[in-house]
Enquirer: 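I am attaching a structure below and will ask some questions about it afterwards.
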Amino acid sequence: MQQFNVLELLSQDIVHTEVEIKGWVRTFRANRFIALNDGSTLKNIQCVVDFENFDESLLKRITTGAAIQVAGNLVESQGKGQSVEIQVTSLKILGDCDADTYPIQPKKHSFEFLRENAHLRTRTNTFSAVMRLRSALSFAIHKYFNEHGFYYMHAPIITGSDAEGAGEMFKVTSLNHNNIPKTNDGKVDYTQDFFGKETNLTVSGQLEAETYAMSLGKVYTFGPTFRAENSNTSRHLAEFWMIEPEVAFMDLAGNMDLAEDFLKYVIKYILENNAEDLEFLDKRLQDEDKTKPQAERNDMSLIEKLKFVTDNNFKRVSYTEAIDILRNSKPNKKKKFNYLIDEWGADLQSEHERFLVEKHFKCPVILFDYPANIKAFYMRLNDDGKTVRAMDILFPGIGEIVGGAQREERLEVLKQKMAAINIPEEELWWYLDLRKYGTAVHSGFGLGFERLVMFATGMSNIRDVIPYPRTPHNAEF
């Protein structure tokens with residue numbers, strides 16, 4: 001007898017076949033109808049039990065959450081709601097589930113409750129759909145880069161440098177906290193630590209990826225990154241995943257081309273391969289919208305938003321032009337923005353980015369040539385001395401989704417920029433070496449993976465698109 005998963009049983013033409021399946025009970029009705037799910041699809045397979053042929057003590061153990069194995073004949077269903085069902089001939093309990101204490105009962109649960117039970121929340125339709133989409137997006141990312149000649153690089157997780165210059169990093173140490181060695185001036189003596197210097201968990205693999213791009217040509221990282229920002233918002237995590245491609249001999253225009261093509265590819269992939277999960281999440285979002293005031297509802301459905309990205313060319317606009325548009329916009333003149341735009345050099349907020357995408361241009365937008373003083377030191381300074389070759393990609397609903405730049409390839413200019421923000425040359429000597437030995441134009445970008453998953457699933461809280469969220473005062477599981 002061949003073993004199948006639920007997706008195979010529902011999608012293949014194998015009626016009147018003897019089948020075997022294992023999964024978890026969603027419901028058991030009338031001592032006869034088992035709804036069984038194994039995580040391969042949103043849908044359950046109905047397993048019909050002739051209770052007269054099974055011991056009553058066995059049937060009592062078929063509770064919501066129990067793991068079971070059934071075998072029987074796959075037949076066309078006589079009831080509503082499913083095309084096929086299994087006429088059960090044998091049934092085995094693989095794992096009992098206490099119905100009185102099992103948290104995931106067949107009813108509506110709040111997302112907060114499910115976060116408290118994150119080890120079981122993928123047994124719900126919403127979270128199984130979200131995590132299948134997360135998996136599909138991960139696969140599509142690797143598939144895209146593999147098809148386009150990139151090499152996958154594993155950037156170090158422990159680092160002695162702060163790529164972002166933000167300073168909000170988790171320290172890595174093996175020092176005894178009850179007896180921390182000190183120098184003569186009273187500071188922590190890191191020479192006695194495991195690595196002989198102060199080290200942290202990385203906030204980005206970009207700088208290391210640049211070193212590999214300058215020998216392998218095209219590389220990307222896709223790994224965990226960490227930020228010790230004490231923020232409890234729905235958009236921040238202490239541990240998250242980043243995709244960071246770096247390409248030698250590519251300028252800012254090429255970087256924008258790459259990022260647009262990449263985003264369209266991965267979103268198109270899930271539209272083609274994960275339709276069922278997307279349709280379910282789309283309906284969930286529309287039902288949620290109906291409970292909100294009109295002003296807070298989404299202008300587009302989830303699938304419309306995804307196609308908005310794949311079906312439109314991204315509009316490329318300089319920061320300076322964007323500031324002029326925003327300064328002269330109705331929301332700014334009527335003081336509807338929470339942050340009013342009154343001068344060049346302002347750091348754009350999500351409300352400004354969304355206005356450009358959703359109201360003004362009505363397509364995804366790539367902003368470029370930002371003021372140097374609001375961007376990172378490693379970005380290539382333009383000839384005007386005021387702007388850098390940075391670019392951000394803006395999406396509907398969320399604003400910025402990608403940040404990137406052409407990197408500063410000139411040694412003396414990079415040294416000056418590091419000195420201006422007090423980054424010691426000896427700390428990044430190896431990064432400066434790239435500008436000494438065969439320097440060349442090169443570019444790259446960063447994409448927060450959870451931000452992409454939020455966009456693709458319509459989930460409004462970043463804690464609901466990662467298996468086990470790490471946030472201030474929360475490292476459960």
Side-chain angles (χ1 to χ4, degrees), residues 151-216 219-231 236-246 248 376-379 405 407-439 442 444 446 448 468 470-475:
Y151 298 105
Y152 181 29
M153 179 215 169
H154 297 110
I157 290 173
I158 299 172
T159 178
S161 63
D162 180 356
E164 299 298 318
E168 296 163 333
M169 303 179 78
F170 289 101
K171 294 192 186 306
V172 174
T173 181
S174 63
L175 294 176
N176 182 349
H177 284 205
N178 296 318
N179 187 23
I180 296 176
K182 300 288 183 71
T183 59
N184 292 334
D185 58 1
K187 294 181 179 178
V188 176
D189 185 3
Y190 284 107
T191 62
Q192 296 187 45
D193 207 348
F194 186 90
F195 292 106
K197 61 183 287 190
E198 188 174 354
T199 53
N200 308 286
L201 295 179
T202 186
V203 297
S204 168
Q206 178 206 311
L207 303 189
E208 291 87 354
E210 281 187 55
T211 67
Y212 268 57
M214 296 303 284
S215 54
L216 296 178
V219 302
Y220 73 104
T221 74
F222 185 3
T225 50
F226 309 84
R227 186 158 295 172
E229 184 177 357
N230 190 15
S231 177
H236 289 89
L237 290 168
E239 176 186 273
F240 52 99
W241 287 66
M242 286 287 291
I243 300 109
E244 297 173 297
E246 292 289 329
F377 75 94
Y378 49 73
M379 296 185 177
R407 313 310 187 189
E408 183 55 76
E409 86 281 10
R410 299 165 297 182
L411 179 62
E412 292 308 315
V413 176
L414 186 58
K415 282 183 175 182
Q416 290 167 14
K417 294 181 79 175
M418 288 170 60
I421 55 173
N422 300 314
I423 298 177
E425 289 184 20
E426 57 270 22
E427 188 179 304
L428 289 176
W429 62 271
W430 50 272
Y431 191 66
L432 291 171
D433 269 3
L434 297 181
R435 281 75 183 167
K436 290 180 185 177
Y437 308 127
T439 191
H442 60 290
Y468 297 106
R470 299 292 182 242
T471 53
H473 302 287
N474 177 40

Enquirer: Give me the atom names and distance for the closest heavy-atom approach of E244 to S204.
Expert: OE2-OG, 2.6 Å
Enquirer: For a quick test of reading the model, state the closest non-hydrogen atom pair linking T439 to E409 and the distance between them.
Expert: OG1-O, 2.7 Å
Enquirer: Measure the spacing between CZ of R470 and CZ of F240 and express it to the nearest 0.5 Å.
Expert: 14.5 Å
Enquirer: Excluding sequence neighbours, so at least two apart, what forms side-chain contact (heavy atoms from CB on, under 4.5 Å) with D433?
Expert: W429, K436, Y437
Enquirer: Specify the closest pair of heavy atoms between E208 and T159, including all atoms of both residues, with the distance to one decimal.
Expert: OE2-OG1, 3.8 Å
Enquirer: Quick test of your reading: applying salt bridge (Lys or Arg N to Asp or Glu O under 4.0 Å), list the pairs with at least one residue in residues 190-207, sequence neighbours left out, ordered by first then second residue.
Expert: K171-E198
Enquirer: How long is the straight-line distance from OH of Y190 back to OG1 of T183, given to the nearest 0.5 Å?
Expert: 11.0 Å
Enquirer: Just wondering, do V203 and F170 contact through their side chains at under 4.5 Å, heavy atoms?
Expert: no
Enquirer: Closer than 4.0 angstrom, basic N to acidic O: yes or no for E210 and R435?
Expert: yes
Enquirer: Looking at OG1 of T471 and NE2 of H473, how far apart are the two atoms once the value is rounded to the nearest 0.5 Å?
Expert: 9.5 Å
Enquirer: Under 6.0 Å between the ring centres of F222 and Y152?
Expert: no
Enquirer: Would you say Y468 has more than 12 foreign heavy atoms packed within less than 6.0 Å of its OH?
Expert: yes
Enquirer: With a 4.5 Å limit on heavy-atom distance, are the side chains of E239 and L237 in contact?
Expert: no
Enquirer: About how many Å separate CD1 of I243 and OG1 of T221, when rounded to the nearest 0.5 Å?
Expert: 8.5 Å
Enquirer: Under the side-chain contact (heavy atoms from CB on, under 4.5 Å) rule, collect the residues that match up with N184, sequence neighbours excluded.
Expert: none
Enquirer: Return the CG to OG1 distance between L207 and T211, rounded to the nearest 0.5 Å.
Expert: 9.0 Å
Enquirer: Which residues satisfy the side-chain contact (heavy atoms from CB on, under 4.5 Å) test with L432, sequence neighbours excluded?
Expert: L411, L414, K415, M418, E425
Enquirer: Would one find more than 12 heavy atoms of other residues, nucleotides or ligands at under 6.0 Å from atom CG of N230?
Expert: no
Enquirer: Please enumerate all residues that pass salt bridge (charged side-chain N to carboxylate O under 4.0 Å, His left out) together with R410, with sequence neighbours excluded.
Expert: E408
Enquirer: Taking atom OH of Y220 and atom CE of M242, what is their separation to the nearest 0.5 Å?
Expert: 15.0 Å
Enquirer: Please list, chain by chain and in numerical order, all residues satisfying side-chain contact (heavy atoms from CB on, under 4.5 Å) with A213, sequence neighbours excluded.
Expert: V219, E246
